[in-house]
2 protein chains.
Amino acid sequence: MEPVPTEQVADFRRFNRYFTRRIGALNDHYLGQDRPLGEARLLFEIAEHEGPDGVSLRELRGRLGLDAGYLSRMTKTLQTQGMVRLSVHPGDNRLRTVRLTPAGRVEVAEQNRRADSLAAGVLEGLDTEQRSRLTEALATARRLLRLAAITVEHVDGHAPDARACLDAYADDLDARFPEGFDRADLVDPEEVSGDAGAFFVAYEEGRPVGCGALRRHAAGIGEIRHVWVHADARRLGLARRVLDALEAEALRRDWTVVRLDTHAALTEAQAMYRAAGYTEIPAYAEHVYADHWFEKRLSR
Amino acid sequence: MEPVPTEQVADFRRFNRYFTRRIGALNDHYLGQDRPLGEARLLFEIAEHEGPDGVSLRELRGRLGLDAGYLSRMTKTLQTQGMVRLSVHPGDNRLRTVRLTPAGRVEVAEQNRRADSLAAGVLEGLDTEQRSRLTEALATARRLLRLAAITVEHVDGHAPDARACLDAYADDLDARFPEGFDRADLVDPEEVSGDAGAFFVAYEEGRPVGCGALRRHAAGIGEIRHVWVHADARRLGLARRVLDALEAEALRRDWTVVRLDTHAALTEAQAMYRAAGYTEIPAYAEHVYADHWFEKRLSR
DNA sequence: ATAGTTCTTTGACCTTAGTCAAAGGATGGC
DNA sequence: GCCATCCTTTGACTAAGGTCAAAGAACTAT
């Protein structure tokens, strides 16, 4: 991997410093007005992640990276203040789940209102056009920072994460294809494990957010299948990253050509393949969901 | 002032949250590895701001917003660790100045190295083109955030900040004009105070970073002079903001036309005036440094 | 059924961060 | 020379943030 130019590192650090000093400090200050920062953050995290059954202490502990004892005490003080209610987890009596009380919800709403007005206070200094340029620049930056944090990893075709991605992929296709999608069309774990092929999962902060499969098609030819990106992670350029990983893997195996097919409904995917250097070819196989076939010759 | 759309507020907060969680946390973590965060920040601030005589505790106290006692104790621990040396301020025996020892410099360099490699680690996830898009987006965002934080304030023509700006302005022009610049050409404080005119200073975090003057030229006509922006605050769109303030002030006085002249060397200024709706007119007065004359009709 | 693991609670403890007030030396204005 | 002010140091104190280990209840694998 080529080293990052020091100029870009310096620019990035310059922004980090400016932003954390201006906005980070401001954030902590508003959060810490009524209660300790830790408690405020905890309350906020509960509000953010509670489901119908609340949220388990275990999950909170993982998300916030807190000590079990510390968390236990903090939730207790929130409980005595009437902000949250603790109960045992329905499925597992070792776990406790915590959920907001109406009073807690009021407090979180108040916190949000304050954070909104602080953010608005910052933006007020700009006119409409400048504000939309800022919004756009921040959106671009966030997309790229997210992409930078995503890793694409080689996993076994049987891995639970791999199957979970394929499940989500099948659900997506079932919703998009007019004729629906039959899970029987998914690759078998064996086809994408060991010598037969490979499976890649993209992780963002530990969560699988995309995948792609490669399987042997003929001598020196690989087939790419099931390139998928979670709805929350689209428009980041992640599919391209997955594709790169698949192509690199094909080359590693001396498969110098890769092929793939795609459904007529997936127009963005087709555009992406073309942009990635794939050219359309005649059908190389019968396949129920295939309308277009592509091929790319790989080189090191 | 029109309210900020809630969508933009939400976008802004989304970025804030993502960024502080990803980068802010990372920052604090690396800083706090060898020593308490407060001490690390102090050491960093000393390194950043020490001049040939070091930096006074008073200045550090102001910059970091620390309690005097707290700061005193922290510098003492840094001293016993051999990171800094304390001495009395040469000009004022009440003040102490602190400066880094060679060991302190080594530690700061080490901190910087770590911060650099963390930043590089983030950027490594992107290719060259994506990195430069990120750098550009962050630069844009920083410029706009800085602009949003700058306020343009009406001050008396005699105010020290006003005169300080004009001094800096004169130095700039002296360097830029082939023929140099004579301070006698600056407006007198009386010309830009009270009924005769007005003076505006732009402040960024309490520091004057720009100015502009308005003085009565003829009945219903104002003249704008000395629009200046500090070198550190250029390319933010600040001159335009100063100009807006001056025009609003002219309108408040029912001066419906404003004029100004400018030197041939100041090409960016001329472009800015044209973009702001000024049109070039014949010379309206003899003036030693003037090569171009502009006018704008104001309306509410 | 048992052994090992997971999760939470509790007690004990520590560092960091920060505040407040008193005191003393130094300075500036008059 | 005097007084108010400025700056730093010191002592006393507090809250927040966090760690560690023991213990007990509940679950899982075998």
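In what follows, every chain begins at residue 1, and chains take the letters A, B, ... in the order their sequences are listed. Since the model is a prediction, treat every value here as computed from it, not as a measurement.
Between the side chains of A/H158 and A/E190, at least one donor N or O sits under 3.5 Å from an acceptor N or O. Under the 3.5 Å distance criterion, with hydrogens and angles disregarded, a donor-acceptor pair is assigned to the side chains of B/R22 and B/Y18. With hydrogens and angles left out, the side-chain atoms of A/S56 and A/T97 include no donor and acceptor closer than 3.5 Å.
Salt bridge annotation for A/R215-A/D188: absent, with no cationic side-chain nitrogen under 4.0 angstrom from a carboxylate oxygen. Taking a cutoff of 4.0 Å between a charged side-chain nitrogen and a carboxylate oxygen, B/E45 and B/R41 do not qualify as a salt bridge. Using a 4.0 Å cut-off between charged side-chain N and carboxylate O, B/D171 and B/R183 make a salt bridge. Ion pairing between a basic and an acidic side chain is recognised when a charged N comes within 4.0 Å of a carboxylate O; B/E205 and A/R21 show such pairing. Remark: A/R17 engages B/E48 in a salt bridge, criterion side-chain N to carboxylate O under 4.0 Å.
When the side-chain hydrogen bond (donor to acceptor under 3.5 Å, both in side chains) test is applied to A/N16, no partner is found at least two apart in sequence or on another chain. Listed by chain and number, the residues in a side-chain hydrogen bond (donor to acceptor under 3.5 Å, both in side chains) with B/R105 are B/E50 (sequence neighbours excluded).
Distances shown here put a side-chain N or O of A/N93 below 4.0 Å from the OP1 or OP2 atom of D/dC27.
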Where along nucleotides 15-20 of chain D does protein come under 4.0 Å, by heavy atom, of base (B) or sugar-phosphate alone (S), with - for untouched nucleotides? -SSBBB
Would B/R207 and B/H230 count as a side chain to side chain contact (heavy atoms under 4.5 Å, CB included) here? Give the steps. CA-CA 10 Å; B/R207 217 167 56 104; B/H230 192 288; 4.2 Å; yes
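Around CG of B/D195, the count of heavy atoms belonging to other residues, nucleotides or ligands within 6.0 Å does not exceed 12.
Close approach of DNA chain C to chain A, defined as any atom under 4.0 Å from a non-hydrogen atom of the protein, starts and stops at C/dT6 to C/dA12.
Taking the screw axis at each terminus of the helix from C/dA1-D/dT30 to C/dC30-D/dG1 from five consecutive base pairs, the angle between the two is 30° to within rounding of 10 degrees.
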Dump every N/O contact between nucleotides 4-7 of chain D and the protein below 3.5 Å, one line per pair.
from: D/dC6; atom 1: O4'; to: B/R94; atom 2: NH1; distance (Å): 3.2
from: D/dC7; atom 1: OP1; to: B/R58; atom 2: NE; distance (Å): 2.3
from: D/dC7; atom 1: OP1; to: B/R58; atom 2: NH2; distance (Å): 3.4

